[in-house]
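These notes are about the structure you will find just below.
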There are 2 protein chains.
Amino acid sequence: MKNISLKDIAEKAGVSQTAVSKVLNELPIRITPAKREKIKEIARRLNYRPNVVAQSLRSRKTKSIGIVVPDISSLFYPELIRNIETRLFSLGYRCIICNTQDNPSYERLYIQDLIDRWVEGLIIAPCGEEENVNFLQDIYKMGLPLVLIDRYFPGENFPYVVSDNKQGAKIAVKFLVSQKVSRVIYVGEKRRNQAVDDRLRGVKEAARENRIVFTDKEIFLCEIGREKVRETFRFIFESMSRKGLSCSGIFFESNRLLMGLLDAARERNLFIPDDLRIIGFDPLSLEIVYPQDFASLRLLKNPFPIIKQDVQKIGNTASEFLLALLKGKKEKNLRKKVRVKMVWR
Amino acid sequence: MKNISLKDIAEKAGVSQTAVSKVLNELPIRITPAKREKIKEIARRLNYRPNVVAQSLRSRKTKSIGIVVPDISSLFYPELIRNIETRLFSLGYRCIICNTQDNPSYERLYIQDLIDRWVEGLIIAPCGEEENVNFLQDIYKMGLPLVLIDRYFPGENFPYVVSDNKQGAKIAVKFLVSQKVSRVIYVGEKRRNQAVDDRLRGVKEAARENRIVFTDKEIFLCEIGREKVRETFRFIFESMSRKGLSCSGIFFESNRLLMGLLDAARERNLFIPDDLRIIGFDPLSLEIVYPQDFASLRLLKNPFPIIKQDVQKIGNTASEFLLALLKGKKEKNLRKKVRVKMVWR
DNA sequence: CTGAAAGCGCTTACAG
DNA sequence: CTGAAAGCGCTTACAG
């Protein structure tokens, strides 16, 4: 089944290929209304669909955008991607979505591939490491529109949209202080990136401003994985019980640490927030997998607040930044830290 | 910054463009090792990257696949998409992902667009309605590789991979029977599709086989939305309390109904599973948003089972089916219902 | 065997 | 103004 081309229509209508192209693309051309209508009619009847690949080759535009994230199925990426995809689709752009598995060499592979496919722009949530900074700089210097999301590189001049992680951490500490703690404990992942480092920095600053204890001894970084996280919290609770529970507040870096926290709390029958003052990033969403998880539920007795990122705003802003770059604007200020909120209702 | 083309390399190496193409593509050509090496060397030095768009135009292959789902951010779609994307990427295919918002006309729009971009295959989780069946049939008849996931159309001959929803519902009822209920109540969404209809059918069959009560009066279909769901359960609990709680078991269609169920249970202080025998599809994942959600947690006193779909298997099978079709195999039996499991560890 | 040339299906600069 | 022709960058059938 052969596809219909402009040439086919031109022959059937007895006009030039140029005329067909211009009529169908609504470009200025002086032609009798009769012929114009005839061309359109034939195109319609033959169910003509322009060959987008040929258009791309000729125009050097593919109307496609690459979205590169560590894991399309975790954290807020699904929601973020949906948000961006919907916005860009309505403007005629299609999104090619890639999963780097937080691996810098996959990241390079994917991005190179997207460039080879002539995406017109890239939205990237980069791997934590700085390993690919030069690689990204090369791309950005080539003039390819590029917006980082979720993570950024301070000192580099990429456009980015991230949460204001430092601000969020500071609100969190303020909350703990209002709970009369005199010391804050930071629990995070060993694997660092700028986003979580900003959270750590925020806690540090806020602790100093509020004159509560926060030294390197209060920082605990662990491997990801529920088991490892539990061990970390087990150790923390042991050391806390010596000094008294109620005078310490726990800040956890993301909800990837929550189930491990609950596992350790259950071992000591610590209720939240009664026995334990905690606060952390990301909405509370519990995966109930094991029988003991039902016991964990009982630990969460009353509401406690969490720090929530504004996914929608991040998505919208990233889309707007990319569109501005696509329009060729050389705006300087395409860097945005989106404010976060403390919610507990 | 001009891109390097085969012609550029040919000129620099003093050979024909054909020679360059064949050498770089490792196609059979008789050429002196020196020239072969020279071509490769120049390509490397100039950082030659083939123009994929031109290749596509010429070869009529784009190495891209369209994935179309109602909502990339909900249910198990994120995980499913990641699974499929990873598999297809390793074979050189890129995935263009689209979000139909469960709207049949968006669905047509997206699919038509993907075809215009010459995707080589499609993986589609279709909207519930049968509205687009003819549209999909036209595409399938054109010979475009096409695999449905999550939902299918009985009587139509599309390849598909779905969970064995009927089997899952039957296991669920058997569990309720083991809890000594004499009657099963089905709670689902008003908006139907084949997947959930199969669950309803499974419940019906199992109820008959186990000689417990299940008539149309035991079926409750509600609008989605936590508030509406709560009202439905409120009504159910009222009618149940008249007849006694413990003799009825509740089957809920998907975890989109869970929070509403808990809301209504809280109003009557019904504990689970002590006061209420329930079972439903999908893993238990609670969104803790409102203060009263903490009270809801207390209702979940002990483990109760849920029916879990095998996302990984669905993803793998869908990928394999599509790859088989891409290879041009005219296999008949590309239809698979993936078994589900009851889990409560 | 080899490489010049045709052709994929468009858009648009430019000759008439 | 108009439309034939060039050209985007490849691959491959085919003339030599």
(request) Could you check if a side-chain atom of A/Ile124 sits within less than 4.5 angstrom of a side-chain atom of A/Val147, using non-hydrogen atoms only? (result) no
(message) Without decimals, in angstroms, what is the distance between A/Asp8 CG and C/dG9 C1'?
(response) 10 Å
(request) Quick one: list whatever passes side chain to side chain donor-acceptor pair (under 3.5 Å) with B/Glu131, sequence neighbours left out. (result) B/Arg108
(message) Please convert DNA chain C into dot-bracket. A pair counts if it is Watson-Crick or G-U wobble with both distances under 3.5 Å; crossing pairs go in [ ] and bases paired with another strand get |.
(response) |||.||||||||.|||
(request) Quick one, give me the B/S/- string for nucleotides 1-6 of chain C, reading 5' to 3', where B means a protein heavy atom under 4.0 Å from the base and S means that only happens at the primed atoms, P, OP1 or OP2. (result) SSBBBB
(request) Let me know the distance between CG of A/Leu24 and P of C/dG9, rounded to the nearest Å. (result) 16 Å
(message) Suppose the criterion is salt bridge (Lys or Arg N to Asp or Glu O under 4.0 Å): which pairs have a residue in residues 134-149 of chain A, not counting sequence neighbours?
(response) none
(message) So B/Ile314 and B/Leu80, do their side chains get closer than 4.5 Å, heavy atoms only?
(response) yes
(message) If I take atom CG in residue B/Leu57 and atom C1' in nucleotide C/dC8, what distance separates them, rounded to the nearest angstrom?
(response) 4 Å
(message) If I take atom CD in residue A/Gln55 and atom C1' in nucleotide C/dC8, what distance separates them, rounded to the nearest angstrom?
(response) 14 Å
(message) What I'd like to find out is whether the side chain of B/Glu85 reaches to under 4.5 Å of the side chain of B/Arg94, using heavy atoms alone.
(response) no
(message) Which residues pass the side chain to side chain donor-acceptor pair (under 3.5 Å) test with A/Gln137, not counting sequence neighbours?
(response) A/Glu156, A/Asn157
(message) So B/Val69 and B/Ile67, do their side chains get closer than 4.5 Å, heavy atoms only?
(response) yes
(message) Looking only at the side chain of B/Ser21 (C-beta and beyond, no hydrogens), which of the listed nucleotides D/dG9, D/dT12, C/dT12 gets closest?
(response) D/dT12
(request) Provide, to the nearest angstrom, the distance between the CG atom belonging to A/Leu27 and the P atom belonging to C/dC10. (result) 14 Å
(request) Decide, yes or no, whether a salt bridge links B/Lys12 with B/Asp8 under the criterion of side-chain N to carboxylate O below 4.0 Å. (result) no
(request) Determine: side-chain N/O of A/Tyr48 to OP1/OP2 of C/dG9, distance under 4.0 Å, yes or no. (result) no
(request) Would you kindly give the CD1-to-P distance between B/Ile9 and D/dG9, to the nearest whole Å? (result) 12 Å
(request) Could you work out the separation of C/dG7 and D/dG16 based on their P atoms and round it to a whole Å? (result) 15 Å
(request) Return the value, rounded to whole Å, for the distance between atom CD1 of B/Ile4 and atom P of D/dC10. (result) 10 Å
(message) Tell me the interatomic distance from A/Leu6, atom CG, to C/dC8, atom P, rounded to whole angstroms.
(response) 13 Å
(request) Using the C1' atoms only, state how far D/dA13 lies from C/dC10, rounded to an integer number of Å. (result) 23 Å
(request) Any pair with a residue in residues 80-131 of chain B that passes ring-ring contact (aromatic ring centres under 6.0 Å, His included), sequence neighbours left out, goes on the list, sorted by first then second residue, please. (result) A/Phe89-B/Tyr110, A/Tyr110-B/Phe89
(message) Quick check on C/dG9: is either OP1 or OP2 less than 4.0 Å from any side-chain nitrogen or oxygen of A/Arg49?
(response) no
